[in-house]
Amino acid sequence: MSAVTQAEGGLGVTLTIRVLMHSKEVGSIIGKKGDYVKRIRDESGARINISDGNPERIVTVTGATESIFVAFNLMTRKLEEDMMSTLSTSALLSRPPVTLRLVIPASQCGSLIGKSGSKIKELRESTGATVQVAGDLLPNSTERAVTISGAPDAIIQCMRQICIVMLESPPKGATIPYRPKQTPVAPVIFAGGQAYNIQGQYAIPNHDLTKLHQLAMQHTPYTPLAHTSGFSGERKRRRTTADLEGAEAANQINTHEISIPNDLIGAIIGKQGSKINEIRQLSGAQIKIANPIEGSTDRQVNITGSAANISLAQYLINARLTSEASGMGTSGM
């Protein structure tokens, strides 16, 4: 919770709460084509911003107190729903807790802990949630992570109590916010319908990217010009780059050109080229954006690579354009 200000007209209090999430958790919050985050915004009235980053991102929720609670109620229940859908029957019986990692100025953490730990003990006992305050500052910031775990109801009760503490003890001095460092995505190649991340001399199968590629092939006109037999057994786990060179060579290199409206090209490029670089790394394609032409409302984008590379690049570009058109362009998708 990094900011507390009086709402306009003095009718209430506006809070800003920052949560540190992994990209997979952010995907749950966003939903397909941004539908779930739109629902959260509509039902709660809170503003939600999602930062760039990989694998960690900051989700910032701003609004009146009750709006904050509605937003977090929807978020925690969606996180629980998506988590439960991936668990086995035996794991479902134990019902694992939902976990949120708040990012709070260190100057407020003392009030949250209380004298001799009295306040944090009270939080745990009154809500049933597990609450932990990190001892160290998050890198290059003056903030700490506060981890809350439990059932959605317990988390919301705990959030209410934490909000009260933060309102009573505003931050002292300047706050340097934590910004997750973006981890470079490993280079990708495709062979035999399988995606591989290149790590040193090894090519490691990337099953999530393979599924994304298969989905891309269903939505774009490109199809692989050649297929090679897949690897099987233990050797599938680690193959040297040299082992895959022959298979990759079977895919002819193509160049495909698409047009993107000038007012949307920024969504494809991203801050300091972050988004276009991410698309290049994930797809394995070379992507060049032509300079603007006077009088033209579009920019030409050339995509070069195998048919698989091009299809995935097109799919990722279309996903960015869709998110921008649906109002997600400022959320860091």
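Quantities reported herein were computed from a predicted structural model and do not represent experimental measurements.
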List the atom pairs, donor and acceptor, that lie under 3.5 Å between side-chain atoms in residues 128-141 and the rest of the protein, sequence neighbours left out.
{"unit_1": "S141", "atom_1": "OG", "unit_2": "L138", "atom_2": "O", "d": "2.8"}
{"unit_1": "S141", "atom_1": "OG", "unit_2": "E143", "atom_2": "N", "d": "3.2"}

N/O donor-acceptor pairs under 3.5 Å from side chains in residues 146-166, not counting sequence neighbours:
{"unit_1": "S149", "atom_1": "OG", "unit_2": "T99", "atom_2": "OG1", "d": "2.9"}
{"unit_1": "D153", "atom_1": "OD1", "unit_2": "R77", "atom_2": "NH2", "d": "2.4"}
{"unit_1": "R160", "atom_1": "NH1", "unit_2": "E66", "atom_2": "OE2", "d": "3.4"}

Quiz item: What's the verdict on side chain to side chain contact (heavy atoms under 4.5 Å, CB included) for I104 and R144, showing C-alpha distance, side-chain angles and the deciding distance?
Solution: CA-CA 5 Å; I104 295 179; R144 290 197 216 175; 5.9 Å; no
Quiz prompt | Full working for side chain to side chain donor-acceptor pair (under 3.5 Å) between S28 and D82 | solution = CA-CA 7 Å; S28 292; D82 286 1; 2.8 Å; yes
Quiz prompt | Verdict with reasoning, T142 to T175, per side chain to side chain donor-acceptor pair (under 3.5 Å) | solution = CA-CA 6 Å; T142 58; T175 297; 4.6 Å; no
Self-check item: Residue pair T255, T304: steps toward the side chain to side chain donor-acceptor pair (under 3.5 Å) verdict
Solution: CA-CA 4 Å; T255 296; T304 302; 3.2 Å; yes
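A donor-acceptor contact shorter than 3.5 Å is absent between the side chain of K275 and the backbone of I268. Counting only distance, with no hydrogens or angles, the side chain of Y36 and the backbone of L74 share a donor-acceptor pair below 3.5 Å. Side chain of T127 to main chain of L123: a donor-acceptor pair is present (N/O by atom type, distance under 3.5 Å, no hydrogens or angles). Between the side chain of N73 and the backbone N or O of F69, no donor-acceptor pair lies under 3.5 Å. A donor-acceptor pair under 3.5 Å is absent between the side-chain atoms of S118 and the main chain of G114, judged by distance alone. With hydrogens and angles ignored, the 3.5 Å screen pairs a side-chain donor or acceptor of Q108 with a backbone N or O of S169.
Cluster annotation: L167 is connected to L102 through the hydrophobic network of ILVMFWY side chains, with a link wherever side-chain heavy atoms come within less than 4.5 Å.
Taking both residues in full, the closest heavy atoms of R57 and S51 are given as NE-O, 2.8 Å, listed atom of the first, atom of the second, then distance. Smallest separation of non-hydrogen atoms from A46 and A71: CB-CB, 4.3 Å. When all heavy atoms of K271 and D52 are compared, the closest pair comes out as CD-OD2, 4.3 Å. Taking each heavy atom of I58 and P180 in turn, the nearest pair found is CG1-CD, 3.6 Å. When every heavy atom of S296 is checked against every heavy atom of N262, the shortest pair comes out as O-ND2, 2.9 Å. Annotation for N291 and R299: closest pair C-NE, 3.8 Å, computed over non-hydrogen atoms.
For the residue pair S259 / D298, no side-chain donor-acceptor distance below 3.5 Å is found, with atom types taken as modelled.
When side chains are defined from C-beta on, V61 does not count as touching I40, because their heavy atoms never get closer than 4.5 Å. With a 4.5 Å cut-off on side-chain heavy atoms, L79 and L100 count as touching. For the pair Q286/R280, no side-chain contact is recorded, criterion being any heavy-atom separation below 4.5 Å from C-beta on. The shortest distance between side-chain heavy atoms of I317 and I258 falls below 4.5 Å. In this structure, the side chains of I310 and L312 stay at 4.5 Å or more apart for every pair of heavy atoms. Residues V59 and M75 form a side-chain contact, since some pair of their non-hydrogen atoms from C-beta on lies under 4.5 Å apart.
By the neighbour-count criterion of 12 heavy atoms within 6.0 Å, atom CZ of R124 is densely surrounded, having more than that number from other residues, nucleotides or ligands.
Under a 4.0 Å N-O distance rule, the pair E43/K38 does not qualify as a salt bridge. Between R39 and D35, none of the side-chain N atoms (NZ, or NE/NH1/NH2) sits under 4.0 Å from a carboxylate O, so this pair counts as no salt bridge.
How far CD of E56 is from CE of M21: 12.0 Å, rounded to the nearest 0.5 Å. Distance CD1/I120 to CG/L112: 5.5 Å, rounded to 0.5 Å. Residue F72 holds its CZ atom at 10.0 Å from OG of S44, rounded to the nearest 0.5 Å. Within the model, atoms OG of S67 and CZ of R41 stand 13.5 Å from one another, a figure rounded to the nearest 0.5 Å. Note that SG of C109 and NZ of K119 are 14.5 Å apart. Values are rounded to the nearest 0.5 Å. Taking CD1 of I68 as the start and OG1 of T16 as the end, the distance is 7.0 Å to the nearest 0.5 Å.
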